J.: 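Quick one: this structure, given as structure tokens, is what I'll be asking you about.
This one's a predicted model, so the numbers in the text were calculated from it and none came from an experiment.
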2 protein chains.
Amino acid sequence: MTNITGDQALVKRINTSIILDTIRQQAPVSRAKVSKLTGLNKATVSNLVQELCNNHLVQEIGPGQSSGGRKPQLLLFNGQAGYAVGVELRVKQMTAVLTDLEGRILAEDDTALEEHDVQTVTSLMVGMIHGLMRQAPPSPYGIIGIGIGVPGMVDEDGTVLFAPNLGWEMVPLQLQLENELGLPVTIDNEANAGAQGELRFGAGQDARHLLYISAGSGIGSGIIINGELYKGARGYAGESGHMSIEADGRECTCGNRGCWELYASEKSYDNKNGILPSKNTSELVHHAELGHQETIRHFEELGRYLGVGITNLVNGFNPQSVIIGGPLSDARPWIEETLQQVVAQRTLPYHRELMEIRFSELGSRSTMIGAAYSAISQFLGPVRVSMPTN
Amino acid sequence: MTNITGDQALVKRINTSIILDTIRQQAPVSRAKVSKLTGLNKATVSNLVQELCNNHLVQEIGPGQSSGGRKPQLLLFNGQAGYAVGVELRVKQMTAVLTDLEGRILAEDDTALEEHDVQTVTSLMVGMIHGLMRQAPPSPYGIIGIGIGVPGMVDEDGTVLFAPNLGWEMVPLQLQLENELGLPVTIDNEANAGAQGELRFGAGQDARHLLYISAGSGIGSGIIINGELYKGARGYAGESGHMSIEADGRECTCGNRGCWELYASEKSYDNKNGILPSKNTSELVHHAELGHQETIRHFEELGRYLGVGITNLVNGFNPQSVIIGGPLSDARPWIEETLQQVVAQRTLPYHRELMEIRFSELGSRSTMIGAAYSAISQFLGPVRVSMPTN
DNA sequence: ATAACTTAGTTTAACCAATAGACAAAGTAT
DNA sequence: ATACTTTGTCTATTGGTTAAACTAAGTTAT
């Protein structure tokens with residue numbers, strides 16, 4: 001219960017954060033306009049912008065158009081003040097990006113994964129990270145941190161509690177990587193990182209409450225509430241794939257029955273032995289492109305089940321938008337129609353208003369970019385003040 | 001995007017709020033201990049406590065035990081500085097309480113409802129409120145506000161958008177009552193108010209992330225995240241009763257199929273024509289007490305379905321505790337065992353750890369008390385500062 | 001071209017909340 | 001009686017925001 005107390009340093013952090021956010025979102029923008037947008041005094045803005053410039057986080061790029069008086073000096077957020085590395089650990093592959101502070105990708109790398117023992121994976125990972133770090137241009141802050149997205153549950157300390165597809169249990173990944181790299185490391189669940197990626201740099205940039213559905217070998221969800229990732233009491237929120245949509249349906253390995261991901265993820269391929277020509281989504285997409293009827297029918301059914309689960313989440317959460325990502329989003333042409341139909345039919349009318357279902361804009365990169373953003377976010381240190389109205 | 005900016009007034013509000021919360025929770029407590037608990041300087045605590053005393057929100061109740069030095073002057077939150085009225089509007093009944101600022105009930109009133117037209121209901125409500133207001137003892141602030149819990153969806157402006165069981169649509173209840181009463185009025189969904197009641201004064205007082213399930217004629221849920229009610233993008237979050245647990249199950253009036261509340265609320269009685277001796281929960285409870293086998297079997301099945309839905313919510317939300325309230329909680333002796341069994345079997349193991357399922361402590365009063373708390377909360381004006389770590 | 005007006009950004013002095021540290025008050029332990 | 005503890009207040013200082021005056025640099029009307 002150690003609350004943050006108020007003092008002048010906190011005030012300064014809050015206002016600096018507000019100003020930096022405003023410049024990031026409205027750039028290019030003048031001090032005067034920042035003052036009007038934020039309600040902060042012109043002098044306050046001038047002083048804090050001065051400091052941000054000294055810290056290389058903001059740059060003046062010269063005068064803009066006059067609107068009947070002195071020309072404004074335009075400000076930009078300096079996305080090149082430092083760089084971050086974002087990694088996505090998948091079952092058969094590991095991918096990573098080098099990004100600037102605005103999430104722009106400068107370099108990319110990937111490698112196949114055959115073994116999953118912790119030692120092999122982490123040393124491979126450290127190698128990739130070092131490789132990307134070397135490609136970062138010179139900058140005031142250099143590499144500011146590393147973010148990792150993993151297919152499993154992660155607790156607050158960055159320990160991977162359980163990642164069934166990797167066979168991992170209780171792996172203190174953050175601690176280990178921080179020791180080896182000497183840099184701040186953040187570990188996130190794959191869907192949570194993806195949600196962050198789409199929220200900040202993809203399809204969800206205007207949403208306060210957002211649901212990201214990552215459909216692949218299972219289904220995970222990332223829940224954004226009030227512009228921030230909701231992690232739950234112990235960090236395990238978002239295991240929506242194990243929501244039962246058939247109370248007495250098939251048994252799932254998790255102990256539940258009729259889990260959503262048995263019907264609406266790649267796990268659904270397992271029941272179609274002999275009917276489907278493959279158990280691999282990209283191969284199936286290829287078959288669908290060639291007009292293979294059974295495959296197309298299966299994707300449509302999968303879209304219907306996706307819609308059933310999304311309806312449940314929308315009715316409970318009332319998000320502003322739902323973003324669908326993960327490998328299965330490649331099958332969009334065949335799943336989208338039934339999905340949208342089911343949601344339109346089944347969702348409560350008031351929830352449907354102003355709610356949008358979109359597909360990922362960052363595609364297969366959303367998790368990496370979101371992981372990088374976790375590191376960036378920690379570096380920039382956001383502060384928010386809320387005055388609940390209830 | 002009008003953010004709250006930082007200045008000294010904000011600092012003072014934050015610290016005052018922290019101190020008042022500390023006194024409320026730890027009372028009786030000395031200034032010195034508040035200083036230690038909060039990390040605030042002794043002088044700061046002294047000054048702000050002085051102001052709180054002047055505002056009648058805190059009282060000094062004399063010296064406590066010495067622990068080897070000067071005796072501490074003990075402080076109490078003055079729950080009698082003002083009073084609030086909380087109302088629960090049900091389909092066949094309206095109930096209301098007069099509470100002090102600590103949620104203690106001073107007076108209670110209820111009346112049967114036969115008609116549901118807005119005029120009749122509001123004038124009846126205003127009458128009840130006035131009756132309770134007259135019973136409030138003299139106090140520095142008098143009646144500080146009114147809270148109402150209604151069985152339907154409410155938007156941010158306190159307009160009841162849709163309350164099917166009352167036949168209401170787009171009723172600007174808050175506006176209307178504020179005009180008639182000349183006092184601040186807050187309107188909340190019944191389950192949301194219940195969640196607040198249990199969180200502040202009932203079974204959920206130590207939880208940051210909490211799920212309140214109100215099971216009665218339907219199922220509603222109240223979602224508490226970070227100690228605050230989550231209302232969703234437009235205020236409609238928590239319609240969990242319309243989560244499908246049978247993808248191709250019975251049609252629901254909402255447009256969905258297999259909705260949870262068809263199986264786990266009083267709506268389940270409708271499919272048991274001729275088997276159940278009644279369609280009224282309190283009568284059925286009576287039959288069960290007398291050993292009526294069909295009724296007992298039905299409650300057990302209902303408990304099982306409650307467990308199925310709760311499992312879904314727990315897997316997605318990872319709350320610290322789940323609290324079950326509403327009329328159906330009267331059937332606890334027959335539903336609890338199957339419910340707990342199902343949840344224990346089906347929930348993901350990590351979610352289950354440290355998670356508790358409890359029944360309402362405030363019983364049929366949780367909504368009223370929670371509604372009153374909404375008014376109290378607005379009066380005391382909480383402020384929270386968060387520094388997300390992601 | 002010149003005066004009047006606008007807009008951008010800085011400087012100045014005032015204000016005010018938190019803080020450290022000294023201090024007063026009131027107890028206990030030896 | 002003396003030394004020590006703990007509680008709470010007082011005082012001077014620090015450091016942030018702010019309003020208002022001011023400087024800088026443009027546009028518009030006559």
J.: Do the side chain of B:Asn41 and the base of C:dA20 come within less than 3.5 angstrom through a donor-acceptor pair of N or O atoms?
T.: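 Side chain to base: pair found, below 3.5 Å.
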J.: Quick check for you: among D:dG16, C:dG27, D:dT18, whose closest atom lies nearest to any side-chain atom of A:Leu40?
T.: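 Nucleotide nearest to A:Leu40's side chain: D:dT18.
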J.: Nearest to the side chain of A:Val11, which nucleotide is it out of D:dA21, C:dT28, D:dG16?
T.: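 So the nucleotide nearest the side chain must be D:dG16.
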J.: Can you figure out which of D:dC10, D:dT18, C:dG9 approaches the side chain of A:Lys42 most closely?
T.: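 The listed nucleotide nearest to A:Lys42's side chain is C:dG9.
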J.: May I have the distance from B:Glu51 (atom CD) to D:dT9 (atom P), rounded to whole angstrom?
T.: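 Atom CD in B:Glu51 sits about 14 Å away from atom P in D:dT9.
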J.: Any idea which of D:dA19, D:dT7, D:dT17 is nearest the A:Leu48 side chain?
T.: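 The nucleotide sitting nearest to the side chain is D:dT17.
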J.: By the 4.0 Å heavy-atom rule, please label B:Lys33 as base, sugar-phosphate, or nothing.
T.: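 Nothing, no heavy atom under 4.0 Å.
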J.: I'd like to know whether B:Cys53 forms a side-chain contact (heavy atoms from CB on, under 4.5 Å) with B:Val49, so could you lay out the CA-CA distance, the side-chain angles of the two residues, the decisive distance to 0.1 Å, and finally the verdict.
T.: CA-CA 6 Å; B:Cys53 287; B:Val49 164; 4.1 Å; yes
J.: Identify whether any heavy atom of B:Thr44 sits under 4.0 Å from a base atom; if not, whether one sits that close to sugar-phosphate; answer base, sugar-phosphate or nothing.
T.: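 The residue B:Thr44 makes base contact.
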J.: Look up atom OH in B:Tyr83 and atom CZ in B:Phe379, then write down how far apart they are to the nearest 0.5 Å.
T.: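 Between atom OH of B:Tyr83 and atom CZ of B:Phe379 there are 12.0 Å.
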J.: Taking atom types as they are modelled, would you say the side chain of A:Lys71 forms a donor-acceptor pair with the base of D:dG26 within the 3.5 Å cutoff?
T.: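 Result: no qualifying N/O pair found.
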J.: Would you mind telling me which of D:dT6, D:dA19, D:dT9 lies closest to the side-chain atoms of B:Ser67?
T.: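 Nearest nucleotide to the side chain: D:dT6.
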J.: Rounded to whole Å, how long is the line connecting atom NZ of B:Lys12 with atom P of D:dT17?
T.: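 Value for this atom pair: 18 Å.
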J.: Reading DNA chain D from 5' onward, which residue's closest nucleotide shows up sooner: B:Gln50 or A:Thr16?
T.: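 The answer here is B:Gln50.
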J.: DNA chain C: A:Gly6 or A:Ser30, which has the more 5' nearest nucleotide?
T.: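 In this pair, the answer is A:Ser30.
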J.: Rounded to whole angstroms, how far apart are CG on A:Asn47 and P on C:dG9?
T.: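 So the two atoms are 14 Å apart, to the nearest Å.
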J.: Among C:dG9, D:dG16, C:dA8, which is the nearest nucleotide to the side chain of A:Gln8?
T.: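 That would be D:dG16.
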J.: Apply the side chain to side chain donor-acceptor pair (under 3.5 Å) test between A:Arg31 and each candidate in A:Glu60, A:Gln73, A:Gln50; give the one that qualifies.
T.: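 Exactly one candidate clears the test, A:Glu60.
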J.: Which is true for B:Ala32 with a 4.0 Å heavy-atom rule: it touches a base, it touches only sugar-phosphate, or it touches nothing?
T.: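 It contacts sugar-phosphate atoms only.
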J.: Could you tell me whether B:Glu51 and B:Lys12 make a salt bridge, using a distance below 4.0 angstrom between a side-chain N and a carboxylate O?
T.: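 Yes, this pair counts.
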J.: Have A:Ser374 and A:Asp188 got a donor and an acceptor in their side chains that come within less than 3.5 Å?
T.: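 Yes, A:Asp188 and A:Ser374 have a side-chain donor paired with an acceptor closer than 3.5 Å.
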J.: Would you mind telling me which residue lines up with the more 5' stretch of DNA chain D, B:Ala43 or B:Gly69, judged by nearest nucleotide?
T.: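 Nearest-nucleotide comparison on DNA chain D picks B:Gly69.
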J.: Could you tell me how far apart B:Leu10 (CG) and D:dG15 (P) are, to the nearest whole angstrom?
T.: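 Whole-Å distance recorded here is 20 Å.
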J.: Is a donor-acceptor contact shorter than 3.5 angstrom present between the side chain of B:Arg70 and the base of D:dT6?
T.: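 Under the 3.5 Å cut-off, the side chain and the base do not form any donor-acceptor pair.
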J.: Does a nitrogen or oxygen in the side chain of B:Arg31 sit under 4.0 Å from OP1 or OP2 of D:dT6?
T.: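 No, outside the criterion.
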